Amino acid sequence: MAARVNIGILGAGTVGSAVHDLIAAGHLARFGVDAEVVKVFTRTPQGKPRYETSPELFTTDATEVTRHPDVDIVVEVLAAGGAEDLRIQKEWVVDALRHGKSVATANKALLVAHGAEIWTTARESGRAVRFEACVAGGIPIISPLTQSLSAERPAAVYGLLNGTSNYILTEMSQHGRSYEDALASAQALGYAEADPDADVSGRDAEAKLLLLSSITFGTRLQPGAIHRKGIERIHAIDFLYAARKGRSTIKSVALARSVDGALEAMVTPMIVPERHPIAGIDGVTNAVFFKGQVSDGGASEGDDWDYVFAGPGAGGGATAVAVLGDVHELTARSGDTPFLPVESIVSEVDSVLPEDELRASFYVRFVVRDQSGIVGDICQVFGEKQINVAEIWQLEHGADELESLLGAGAGGVAPEEILPFVITLEQTNVGQLRQALARIAQKDYVLAEPLWLPIWKA
Ligand code: HSE
């Protein structure tokens with residue numbers, strides 16, 4: 001006999017409507033789940049799908065969902081907002097749990113900001129909170145990491161967690177498009193957050209990485225605690241230089257790994273060799289790689305023994321599929337088994353490496369006013385900081401390319417005077433590199449802030 005489940009939805013935007021559509025189309029029925037949406041909260045019901053035909057389904061009072069006597073599961077798919085929005089959303093989730101509902105949420109910012117209170121309330125109420133849709137859109141990753149792979153001992157979790165950034169970098173790399181042009185397409189295609197700055201600055205990927213790190217390494221980190229760099233300053237010429245670095249490309253990588261018991265975590269564009277599978281994950285596709293020490297046993301250094309999860313990481317449909325998976329799971333468990341008390345995961349790491357102590361080889365792209373002696377001068381500064389220079393590359397560029405490197409700041413500098421070049425550095429730490437670059441920034445030949453990116457290490 002089919003299990004009957006009534007759903008209340010908080011939010012009627014792209015994801016909320018997609019969830020509603022899937023449920024109404026009976027997508028869970030073939031697995032014996034007879035689901036129905038009985039109430040939808042939105043601040044502005046007018047104009048929303050179904051409002052014309054079924055206005056009684058809608059409410060502008062969220063407690064009519066969180067306290068609805070017939071609702072079993074609350075689906076929370078509200079747009080992420082500022083701190084006050086998150087506080088109100090947290091109150092609604094807590095209210096739903098206290099009223100005996102289980103919750104499926106797609107709101108990563110909510111869990112990062114208020115996870116502790118939400119997990120405590122879930123445990124006290126004997127209800128479950130699931131959040132598969134919070135990380136990497138439609139890709140199942142929370143369930144695999146917390147269930148299927150729970151016998152693993154985590155070594156690293158990393159990947160491409162922002163579809164918008166991956167789409168933009170892919171378009172720039174493969175079609176030579178400008179950053180601005182590719183961003184406009186990502187917005188038009190509905191991949192970007194309402195505020196696309198959250199995507200391109202790495203904040204969206206940071207929130208997802210913090211969730212992955214919490215279930216993998218037991219960390220409790222807030223945004224701002226890890227090294228984060230956006231893709232805004234990547235230029236088309238960087239792909240030309242990256243291609244010279246042992247055939248590499250540039251990917252916005254989110255990475256958390258255990259290094260001698262400390263957590264090394266960052267979200268940053270990186271120079272990634274094309275032979276690594278992460279380099280081939282293009283477009284809006286997300287990917288999560290997980291390295292476990294149990295399966296890695298005996299593998300020699302550098303061998304790829306990672307679990308790989310890849311798929312659609314953005315868009316209403318993919319996110320809704322993940323939410324429906326959670327609804328299915330909650331129904332199968334009758335919602336009375338508190339799933340994943342994240343707060344109880346034992347920490348696998350003792351500390352988080354401070355940003356300045358992150359170690360890597362680096363790619364540094366300079367833009368200077370051409371004159372003799374510059375490379376020697378820069379290398380001298382690196383030498384004084386005990387930073388070893390690995391390679392120096394200088395390519396020919398067209399006038400348009402050179403001018404676009406300086407953007408609005410190009411005024412008064414003729415294209416033939418603008419000189420970009422790249423220096424790669426052997427292993428050093430971020431603190432040393434920053435000190436050297438701060439000294440170089442004072443030189444009068446520097447036309448733009450140098451762009452520095454870590455080079456992928458196995
Ligand atoms: N805007 C996000 C992305 C999708 O581009 O990946 C939802 O997290």
Side-chain angles (χ1 to χ4, degrees), residues 11 13-19 75-81 85-86 89 104-113 115 130-142 157-172 177 179-215 223 228-232 234 250-255 267-269 278 281-289 309-326:
T14 315
V15 179
S17 302
V19 167
V75 165
E76 191 272 308
V77 283
L78 295 157
D85 279 348
L86 289 174
Q89 292 166 357
T105 180
N107 192 339
K108 60 207 155 244
L110 174 69
L111 292 184
V112 170
R130 294 189 65 107
F131 55 101
E132 191 61 76
C134 288
V135 180
I139 306 172
I141 187 63
I142 306 298
V157 61
Y158 62 96
L160 308 177
L161 300 182
N162 184 262
T164 301
S165 299
N166 202 28
Y167 171 84
I168 292 172
L169 293 180
T170 304
E171 289 293 303
M172 291 174 73
R177 295 178 70 184
Y179 168 79
E180 292 75 15
D181 187 31
L183 171 60
S185 295
Q187 286 180 275
L189 290 164
Y191 302 150
E193 299 290 296
D195 170 12
D197 184 59
D199 296 296
V200 296
S201 68
R203 275 189 284 121
D204 175 77
E206 179 190 40
K208 293 166 180 168
L209 182 68
L210 295 185
L211 286 178
L212 286 181
S213 177
S214 72
I215 59 175
R228 170 170 64 79
K229 181 177 280 180
I231 61 166
E232 306 95 321
I234 308 284
I250 303 170
K251 290 289 182 188
S252 178
V253 178
L255 162 76
V267 174
T268 176
I278 204 170
I281 309 283
D282 287 331
V284 71
T285 306
N286 279 196
V288 182
F289 293 69
F309 304 83
T319 311
V321 165
V323 170
L324 267 279
D326 281 347

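Note that the structure is a prediction, hence the values are computed from the model and not measured. Remember, it's 1-based here, ligands and their atoms both numbered in the order they're listed.
- When atom types are taken as modelled, the side chain of Asp326 and the backbone of Glu132 share a donor-acceptor pair closer than 3.5 angstrom.
- Although no hydrogens or angles enter the test, the distance criterion places no donor-acceptor pair under 3.5 Å between the side chain of Thr285 and the main chain of Ile281.
- Applying salt bridge (Lys or Arg N to Asp or Glu O under 4.0 Å) to Glu206 and the options Lys108, Arg228, Lys229 leaves one that passes, Arg228.
- The aromatic rings of Tyr191 and Tyr167 stand perpendicular to each other, their planes meeting at an angle above 60°, with 30° marking the opposite boundary.
- Set against the non-hydrogen atoms of Lys208, the atoms of ligand 1 under 4.0 Å away are 2 (C), 6 (O), 7 (C), 8 (O).
- Each of the atoms 7 (C), 8 (O) of ligand 1 lies under 4.0 Å from some heavy atom of Lys108.
- The parts of Asn162 lying near ligand 1 are both backbone and side chain, judged by heavy-atom distances below 4.0 Å.
- Contact check for Asn162 versus Asn166: no side-chain heavy atoms found under the 4.5 Å cut-off.
- Looking at Asn286 against ligand 1, nothing comes within 4.0 Å, counting heavy atoms.
- Ligand-side atoms of ligand 1 in range of Asp199: 1 (N), 2 (C), 3 (C), 5 (O), range being under 4.0 angstrom from any heavy atom.
- In this structure, atom 5 (O) of ligand 1 lies nearest to the protein heavy atom Thr164 OG1, 2.6 Å.
- Nearest protein neighbour of atom 2 (C) of ligand 1, counting heavy atoms only, is Glu193 OE2, 3.3 Å.
- Less than 4.0 angstrom separates some heavy atom of Gly163 from each of these atoms of ligand 1: 3 (C), 5 (O), 6 (O).
- Only one option out of Leu212, Leu255, Val253 pairs with Leu161 in a side chain to side chain contact (heavy atoms under 4.5 Å, CB included); it is Leu212.
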